[in-house]
Structures are given as C-alpha cells and as structure tokens.
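Below, chains carry the letters A, B, ... as their sequence lines are ordered, and counting in each starts from 1. Keep in mind the model is a prediction, meaning the values are calculated, not measured.
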Amino acid sequence: MAADNILETRGLTKEFKGFVAVRDVSLVVRRGTIHALIGPNGAGKTTCFNLLTHFLTPTRGRIFFMGRDITGSRPAAIARLGLVRSFQISAVFPHLSVLENVRIALQRKRGHSYDFWRPAATLSVLDDRARELIDAVGLTDFTTKPAVELPYGRKRALEIATTLALDPEMMLLDEPTAGMAHDDVQRISELIKTVACNRTVLMVEHNLSVVSKLSDHITVLARGEILAQGDYAAVSKNPDVVQAYMGAGHG
Amino acid sequence: MTPGAAPRGGIWVATGVMTAALAIAPFVGVYPVFLMKALCFALFACAFNLLVGFGGLLSFGHAMFLGTAGYVCAHAAKIWGWPPELAILAGTLAATLLGVVAGALAIRRQGIYFAMITLALAQMMFFFYVQAPFTHGEDGIQAVPRGMLFGLLDLSETLIMYYVVLTIFVAAFLFICRIVNSPFGQVLQAIRENEPRAISLGYDAERYKLLAFVLSAALSGLAGSTKAIVFQLASLTDVHWTMSGEVVLMVLLGGMGTIFGPVVGAFAIIGLENYLSGFGQWVTVITGGIFVVCVLAFRRGIVGELGAWWAQRK
C-alpha cells in the first residue's frame, strides 16, 4: 500500500439477514484529500462508515488505516489511532456546555480520564485550547450554553469542533450539511475546507453543490457497490451515475 | 438535573448544613439508633445513585454488595476477632471484589438486560448465603461485637458509635461528590448522554462504566459493613431482592442524579418505616403508594423537583 494512501479497504462486504448492504467495496483514500462518498438512499454509505469505525463488524474484507490492519480493532481504539467519525444525527453531549463538550475530547488526549479522585477543576488547563476551537467554528457567543440549546446548524459546528479537538489524522463526516438552512450550509462548507487543509476528510454528502465545491475525489455507491470513481466532472457525466440517481428518484 | 447544574459553592454550604444538623440531631430528641440506620441507608442510596444517576445504569441487585459486606464484616469481627476498622475494611473489600466480577459480567448489556443480569447474580448470592453455614441461615450472624475503634473509641457507647457512623457517611458523601465532579465524572456523564459519540472520541465506554460499577459496589459495601457493626447483626434481609428494590425507591423518591436526593429519600423511607411501624404490614402498602405517586406526579423526586422549581424561579 502506497504511503500516500491513508485509508484502504479490500473487498469490504457486509451482509445482513437476507441482503447485502455493502458488497466488495475496495476504496482508496489519499492522504490530504477531501473524498466524498455519494449515492442514492440505501446505497450503503452510512454502513460503510460504521464498518470503517467498527461500529459494525464486516462480514468479509479488510480495512487498513495508515498501513495498519484495523479490521478487528475496537471502535474506541480506532478513534485513538486518529480515525474519528461524526454521526448523521448531531452528536453532542446535550447537557454539557459547549465548552465542556469540546473539553471532553481534549481530555482524552491528555489522559487522566479515569481519575475519580481529582477535582474537575484540573481540567481548566484545557479551557484555552477549547476556546480556540470554539472560536474557530464561530461559537464564541455560545461557550457556556448547554449544547441542547443550540440551533441545529450550530450543533453540527460544535460537533466539528469536538472532533477537531482530537486533532485526528482523518475525519469521517456523515452528512455534515443535512437538514441545514442555506447560510449554515455555507458556513459548514467553509469550515470543512479550512479544517481539511492538513488532514484527510471522507464525507457522505447529499448536497451535490457542496460535493462539487469541496471534494477532490468522489466515489459513487449504489446498492452497496462502487458504481464510479473520479473527480466531480468525470463522475457527473458518467451515464451509470445519472441512471442510478434518476432511477432512484433523486435529482 | 446534571451534576454541574447546582453551583459548586451551594453544594459545600448544603453539605455543611446537613453535617451540622446531623451532628446536633441526637441532642434535640432524635434517636441515635434511628439516625444510624438512616445514615447507613443514605450511604447505600448515594452509592446506588452514583451508578444509576450519574452512570445511567440501573442495577437491580445492589443488595448483594450491602449483604456480602455485612456478612464478611460480621464474620471478621465476631469469629476472627478483628477490630471494627479492619472488619469494615474487609467487608468493603469483599463487596469491591464482588463488584469487579458482577460488573464485568453485567456491563456488556444495557437497559433491562443489565438489570436482569444484576438481579440474577444477586439471587445467586442470596441462595448461596441461605445455604452457607457461616451465615447461620435464617438466624444470621448475631451478637457481633462493636469493639474498640483503633483501640481507642469504645463503640458500645451509642453516641460514640453515632459520631463514627456520621464521620464515615460524610467522608463517603464528599468522596461521591468528588467522583461526580472529577475528570472521570465528566467522561461518565458524556457516556450517559451519548455513548456512541463518547466511543467515537476514543473512550472505552465499558471500562468507564465498570469503574463506576465497582466504585458503587465498594461504597455499598462500606454501608453494609457499617450497618453490621451498628446493629451487631448480618442477616438475609440485607441480601434479599426486596432490599435491591428499596434502594431504587429511596433514590427515585429523593431524586435520581441529584447529590442530596438519595439522602432525603433514605431518611424519608426509613422515617416512614420507623414511625409507621404501628401499622404493621400496611407500611409496605404505604411505601408502595408513595412509589406510585412519585413516579406519576413528581418523576424527578423531591430534590429534583425542588431544584427544577428553583431554576425556574430565577
């Protein structure tokens, strides 16, 4: 495996009772790129994410991250290696403040997380870094608010700040702009572009204008299989892709 | 109600008031024996709340920790002739070890399955204690000597015993406050709020939950050991499943996930049992009625509702 391929899957397959959600997917993600995974509903995109982070166990196939076979690693261990995912539904800790949300991630890198005898005040050394991250995603005014009180788009921004706090080698973003108003989509797109400048991003995204603007490379999935790969121009002209989207009732 | 919701200073003041009130209570006409019983149960309820309120894990077998510690402590004090401090330590350690084993088995499952596994394990322990000769079955281990604490304090003096129990309770209570407001407590809360997300940030959720389980078992054991020394008795009552149910009731009534709720709940239930004992079997019906009212009308418990009312007023 070439050194500039950060993530590689070989023959990745997931069978559920009676149907195959992901079939023989061999994906290569190059280091430092924004790679988009697109396809109609039910194409197996989220299943792919779950397999990569071992929230689901693959039926067959192997997964390599930075040259290391992570197929059998536990989800938390994969995260610690630097492959960190987000979720389709916004993943925040609702009753922790924005600051605490980001600090939870910083705290993991720092260690001491099993220390039940230390006061939580020892965590305040992380506050400065947490505030930087919160500023970076434009949540400065919300720092002390509980996450549950944030509007939807802001929750996604918080989620990205939390993920960034881990300083991951690679981020998996599951529909980062889903359900967002136009302004928020704009803001999150720019945020992704900024954070991707020195890391790798693999994202599932339905909004094709976001995909066209952001991604260096696109993989199209349909019915669990890879249908086409390439840059936006090439993929969007591919007749199979057009057929798959039209056939499934998507424009 | 979240651990961080009450202002930190407020908790210190309230703890001080509570300690002072308990310290003078024997002098204003409250029976020390009643207070000691209530304090042992308050500690047990606080330990249970650490797991269910802050860890989000509903155990239905916590009596096994209370009872096991009681038996080990009573046996150590009576048969081996250990001083009370070592007997209490032995009981607490026994509960801790049992917590490691039971926790490792139960923590892999969630919700109702977790509750069922803990219940099943507790029932196994119960039947073991019914059969094991050293527990003396229905009679229990009776006439456990209270002894001399550190060779200095004569625990057969009721007031000395009382202040020792109060010291143990306050120390354990402060320890629980610390656990809740520690780096570990933060992660535990994050796991309770959104476990997949906590895992995706690199936290091995099961290990954190196991640690919470073991801490809860250890503190329940401390309550059981202390109780055995206070009442000079270890019996099947403390390992029976109804005891596991009673602690759930105390925590629900007082306010799950609040710092002071379990203390209020334990005093309320023990107080009811004590002062309504003239009604005989009706006490069970009355506590059952309270449970129904609590679940229907004020689900956050006494302290939880007061906290919510206070937050709204501001």
Looking only at A/A79, A/A91, A/S113, the option with the highest number of non-hydrogen pairs under 4.5 Å against chain B is A/S113
Choice from B/C177, B/A190, B/S200, B/S182 maximising heavy atom contacts with chain A below 4.5 Å: B/S182
Assert top hit (heavy-atom pairs under 4.5 Å, partner chain B, pool A/A77, A/P168, A/S86, A/P94) equals A/P94
Between A/S97 and chain B, with a heavy-atom cut-off of 4.5 Å, which part of the residue counts as in contact: side chain, backbone, both or neither? neither
Tell me, for B/A212 versus chain A, whether the close heavy atoms (under 4.5 Å) come from the side chain, the backbone, both or neither. neither
Give a yes or no answer on whether the side chain of B/T92 reaches the backbone of B/S225 with a donor-acceptor pair at less than 3.5 Å. no
A/T53, part contacting chain B, at a heavy-atom distance under 4.5 Å: neither
Less than 4.0 Å between a side-chain N and a carboxylate O, is that true for A/R80 and B/D204? yes
One thing to verify: whether A/E190 and A/K193 come together as a salt bridge, which I'm taking to mean a side-chain N less than 4.0 angstrom from a carboxylate O. no
Applying a strict 4.5 Å limit to non-hydrogen atoms, the region of B/L215 in contact with chain A is side chain
For B/L201, is it the side chain, the backbone, both or neither that has a heavy atom under 4.5 Å from a heavy atom of chain A? both
I'd like to know if the side chain of A/N101 and the backbone of A/L96 have a donor-acceptor N/O pair within less than 3.5 Å. yes
Tell me, side chain or backbone of A/L166 under 4.5 Å from chain B's heavy atoms, or both, or neither? side chain
Determine the option with the most heavy-atom pairs under 4.5 angstrom with chain B, choosing from A/W117, A/F55, A/F93. A/F93
Inspect the contact between A/D69 and A/R62 and indicate whether a charged nitrogen and a carboxylate oxygen are less than 4.0 angstrom apart. yes
Go through it in stages, so that I can follow the logic: the residues are B/R197 and B/Y203, the test is side chain to side chain contact (heavy atoms under 4.5 Å, CB included), and I'd like the CA-CA distance, side-chain angles, deciding distance and then a yes or no. CA-CA 9 Å; B/R197 180 54 170 166; B/Y203 289 109; over 6 Å; no
Is chain B contacted by the side chain of A/F87, its backbone, both, or neither, given a heavy-atom distance below 4.5 Å? side chain
With no hydrogens and no angle check, is any side-chain donor or acceptor of A/H35 less than 3.5 Å from a backbone partner on A/V29? no
If you count every heavy atom of other residues, nucleotides or ligands that lies below 6.0 Å from B/Y113 atom OH, does the total exceed 12? no
